[in-house]
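Notes follow once the structure below has been shown.
Letters A, B, ... mirror the listed sequences (proteins, then strands); counts begin at 1. Fair warning: this is a prediction, and the values are worked out from it, not measured in the lab.
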Amino acid sequence: MVSIDISDAAVDFPVFDAKTRSLKKAVLGKAGGRIGTDSKVPIIEALRDITLSLRQGDRVALVGHNGAGKSTLLRLMSGIYEPTRGRASVVGRVAPVFDLAVGMDPEISGLENILIRGLFLGMTRKQMDARVDDIAAFTELGDYLDMPLRTYSTGMRVRLALGVVTSVDPEILLLDEGIGAVDAEFLAKARDRLKELVERSGILVFASHSDEFLADLCSTAIWMEHGTIREHGPLRDVLQHYKGRDVLAETEAR
Amino acid sequence: MAQPVTAGDERAEDEMARPRTAEAGPRSWSRAFADIGQGWRQRPLWGYLGWQDIKQRYRRSVLGPLWISITMAVVATAMGILYGTLFHEPVPTFLPYVATGLLIWYFINGCILEGSEVFIANEGLIRFLPAPLTLHVYRLIWRQTLFFLHNLVVWGALMIIFPRPLGWQVLLAIPAFALLVVNGAWIAVLAGIIATRFRDIPPIIASLAQLLFFMTPIVWSYERLRGLPLAAYIELNPVLHFVEILRQPLLGAPLIGRHWIVVGAITVAGCLAALVCLRNYRSRVAYWV
């Protein structure tokens, strides 16, 4: 059974600059007493008082303004950040899709990048070998897949990354927005694949500003504000409170 | 609304055990060992990445990774002849001596220098993809091992050009190298974590490594110092013992047990220090990079 349980969790970032990162400062600070007030590392409270519990079948939209803590919450769920206070327990294989460019090596071919990305997402080499043809067909890149990635355009890179990411079998799928730079026809295709992927996965958490996408994929929503959960409930209600109007009705009307 | 939160790190018993869970608190032995185990299970990934690192360096060159061996051969020959002449050493014995010393030094140097930057260099991966921290260390050590094997070709060639009796004891090179690998790993974990927090560490380590190269008998013969009062101080250099345990079997030189004992003690102490560091600061690295 896959699950995400977070209770009273907080994520505090220490903000290091050259002074606080310096060993000299740490050593001298202890030996000679405090030097001014800058001997303490400033901290940014990215998340606090986060309590939530997600189970198999949950399709959660993550909404909120820039800097509200959406991405940090996703990284907390993925296990990249462990909570500074409180607890976070994640059961299941996590596939985070945060930045499509990360883990891509410009010097090696598209096919090799597909393999590496898949391995990073927890697939075995055998599973990836079985899927590579399917991914190649989806990306429509053809012979380009044997070329080094540096020869690709931005759109082609996004195609490749999306192809890999949507081919894995995750138990927990964490999507952060940033899927741009692709043409509309391809986006429609990606959307179908994304939908299939969501159906295959146990839990989905999707941070996006696109109401259409959210309405398509999600059933509940979390509204983040200033690093805390402002509201957690059905998608329609939360979106309505967040935007101040019934957004779902508008997208349905279209 | 914001009540003080206490970390309930130890109340993990009621949770059922399942892979990839975060049951115990961030600072626990079980999480540290789980990190090591998970990293090891991802062999296909770091195995592939380690190869890629090597292939990539020589991707557009004609000779490819053969350049590693060629570079090593050129440097060893030049240094062997230069220092051999300076110190009045016969080339047929001194050249293999220098080459073997360099071969070992390159491995140690690589583990120390790249080890201190192992997490800083992988910042993007650490911040965007959840993976065990030790994955990056395995990849680094594997890459250095591959470099070592490429350089070993030069040693093999020199053993053919300047033949010398190599008995069964050459097999001792295998456990000796295994010890070097283990030590490379703990140095990378320890130095890597500390250097991620304190960015002054990599330059300090880099200048220290330079000094160590000259303090270690690689381009000069340790034999000449034996018996002199200075020899006692030279033995304070830990790298010397690592070089000796591997060079002696590779050159068919008489074995000295003292070096093995020192290396064994360093291995145990270093692994313990690295484990403590991994336990306490493993979860902080993602915040620090």
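In this structure, Arg43(B) and Arg125(A) have side chains that are not in contact, with every pair of non-hydrogen atoms separated by 4.5 Å or more. Counting heavy atoms from C-beta outward, Arg284(B) and Thr84(A) have side chains that approach closer than 4.5 Å. The shortest distance between side-chain heavy atoms of Tyr287(B) and Asp12(A) does not fall below 4.5 Å.
Taking Gly118(A), Pro14(A), Ser3(A), Pro148(A) one by one and counting their heavy-atom pairs under 4.5 Å with chain B, the maximum is reached by Pro14(A).
By the neighbour-count criterion of 12 heavy atoms within 6.0 Å, atom NE2 of His209(A) is densely surrounded, having more than that number from other residues, nucleotides or ligands. Environment of CD in Glu231(A): crowded, with over 12 heavy atoms of neighbouring residues, nucleotides or ligands closer than 6.0 Å. Annotation for Tyr233(B): atom OH does not count as buried by contact number, only 12 or fewer foreign heavy atoms lying within 6.0 Å. Open room surrounds OH on Tyr144(A); 12 or fewer heavy atoms of other groups in view lie less than 6.0 Å from it.
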Donor-acceptor contacts under 3.5 Å from residues 64-74 of chain B side chains, at least two apart:
from     : atom 1 : to        : atom 2 : distance (Å)
Ser69(B) : OG     : His150(B) : O      : 2.9
Thr71(B) : OG1    : Trp67(B)  : O      : 2.6

Could you pull out every donor-acceptor pair under 3.5 Å between side chains of residues 126-141 of chain B and any protein atom, sequence neighbours left out?
from      : atom 1 : to        : atom 2 : distance (Å)
Arg127(B) : NH1    : Glu123(B) : OE2    : 3.1
Thr134(B) : OG1    : Asp35(B)  : O      : 2.8
Thr134(B) : OG1    : Asp35(B)  : OD1    : 2.8
Tyr138(B) : OH     : Ile36(B)  : O      : 2.9
Arg139(B) : NE     : Asp53(B)  : OD2    : 2.9
Arg139(B) : NH2    : Asp53(B)  : OD1    : 2.8
Arg139(B) : NH2    : Asp53(B)  : OD2    : 3.4

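To the nearest 0.5 angstrom, Trp51(B) atom CH2 is 13.0 Å from Glu112(A) atom CD.
At a threshold of 4.0 Å, the pair Glu82(A)-Arg282(B) counts as salt-bridged, since one of the basic side-chain nitrogens sits closer than that to a carboxylate oxygen.
Taking all atoms of both residues into account, the shortest heavy-atom contact from Phe16(A) to Arg197(B) is CE2-CZ, 3.1 Å.
Contacts of Leu74(A) with chain B are absent, with no heavy-atom separation under 4.5 Å from either backbone or side chain. Contact annotation for Asp105(A): only side-chain heavy atoms (C-beta onward) come within less than 4.5 Å of a heavy atom of chain B. Only the backbone of Pro83(A) has a heavy atom closer than 4.5 Å to any heavy atom of chain B.
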**Request:** Just do the side-chain contact (heavy atoms from CB on, under 4.5 Å) check on Leu119(A) and Trp46(B) with the steps written out, would you?
**Result:** CA-CA 9 Å; Leu119(A) 290 174; Trp46(B) 52 258; over 6 Å; no

**Request:** Run the numbers on Leu45(B) and Met123(A) for side-chain contact (heavy atoms from CB on, under 4.5 Å), then give the verdict.
**Result:** CA-CA 10 Å; Leu45(B) 178 57; Met123(A) 308 289 284; over 6 Å; no

**Request:** Just do the side-chain contact (heavy atoms from CB on, under 4.5 Å) check on Ile116(A) and Gln52(B) with the steps written out, would you?
**Result:** CA-CA 10 Å; Ile116(A) 288 184; Gln52(B) 282 299 335; 4.3 Å; yes

**Message:** For Arg57(B) and Glu107(A): C-alpha separation, side-chain torsions, deciding distance, then whether side-chain contact (heavy atoms from CB on, under 4.5 Å) applies.
**Reply:** CA-CA 10 Å; Arg57(B) 206 166 293 194; Glu107(A) 285 298 322; over 6 Å; no

